[in-house]
Amino acid sequence: MRNNISKNDILEKIKNKNGLPINYLDKVFEEIFIIIKKGLINDGIFKISGFGTFKVLFKKKRLGINPKTKVKYPISERKVVTFSPSRIVKKKLNING
């Protein structure tokens, strides 16, 4: 089971805890993502100290197989973003490694 959270859920939680207006929080939230995106586009990596690192990886084209139908299909080359949590986050989550 996935426990996804929406941007609005995050904004509501911050608003309820700090009493800041949603429209202000939305602008801050968007600006954070603009900074992360620019870092990934310009450098291919973006590190948030004490939180983790986002990296752009290049995936080569390959042949995929639909597990239900066993039909093969091409998967094109593409860039993907990965996230590696910091040691601090791993420790808080009690993850080894």
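We number each residue from 1, following the sequence as shown.
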**Prompt:** How many angstroms lie between CZ in F29 and CD in E31, if you round to the nearest 0.5 Å?
**Reply:** 13.0 Å
**Request:** Using the side-chain contact (heavy atoms from CB on, under 4.5 Å) rule, take V56 and K79 through it: C-alpha gap first, then chi angles, then the decisive distance, then the call.
**Result:** CA-CA 6 Å; V56 176; K79 293 178 183 176; 3.9 Å; yes
**Request:** May I ask you to decide if K68's main-chain N or O and N66's side chain share a donor-acceptor pair within less than 3.5 Å?
**Result:** yes
**Item:** Euclidean distance, K72 NZ relative to I65 CD1, rounded to 0.5 Å
**Value:** 5.0 Å
**Request:** Give the intermediate values and the outcome of side-chain contact (heavy atoms from CB on, under 4.5 Å) for residues L40 and V81.
**Result:** CA-CA 8 Å; L40 290 171; V81 177; 4.1 Å; yes
**Prompt:** Checking D26 side chain against N23 main chain: does a donor-acceptor pair fall under 3.5 Å?
**Reply:** no
**Prompt:** Same cluster for L25 and I34 if Ile/Leu/Val/Met/Phe/Trp/Tyr side chains link at under 4.5 Å?
**Reply:** no
**Item:** Validation row: L63, Y73 side chains within 4.5 angstrom (heavy atoms)
**Value:** no
**Atom pair CD1 (I5) and CG (L11), whose distance is rounded to the nearest 0.5 Å** = 9.5 Å
**Request:** Following the transitive rule for hydrophobic clusters with a side-chain heavy-atom cut-off under 4.5 Å over Ile, Leu, Val, Met, Phe, Trp and Tyr, establish whether L93 and F51 coincide in one cluster.
**Result:** yes
**Asked** So, does R78 use its side chain to make a donor-acceptor pair with the main chain of S76 at under 3.5 Å?
**Response** yes
**Asked** Among the clusters formed by ILVMFWY side chains lying less than 4.5 Å apart, do I35 and Y24 turn up in the same one?
**Response** yes
**Message:** How long is the straight-line distance from CG of L20 back to CG of N18, given to the nearest 0.5 Å?
**Reply:** 5.0 Å
**Message:** Working note: T82 + F54, criterion side-chain contact (heavy atoms from CB on, under 4.5 Å); need CA distance, chi angles, decisive distance, verdict.
**Reply:** CA-CA 6 Å; T82 63; F54 296 90; over 6 Å; no
**Electrostatic pair E12-K7, nearest N-O below 4.0 angstrom** = no
**Asked** Going hydrophobic residue to hydrophobic residue with side-chain gaps under 4.5 angstrom, can you get from F33 over to V28?
**Response** yes
**Message:** Hydrophobic cluster membership, with links at side-chain heavy-atom distances under 4.5 Å among I/L/V/M/F/W/Y: are I41 and I48 in one?
**Reply:** no
**Message:** Would you say that more than 12 heavy atoms from the other residues, nucleotides or ligands in this model lie under 6.0 Å from the CZ of F83, or not?
**Reply:** yes
**Complete:** In terms of heavy-atom contacts, I36 and F46 come closest through CG1-CE2, 3.5 Å
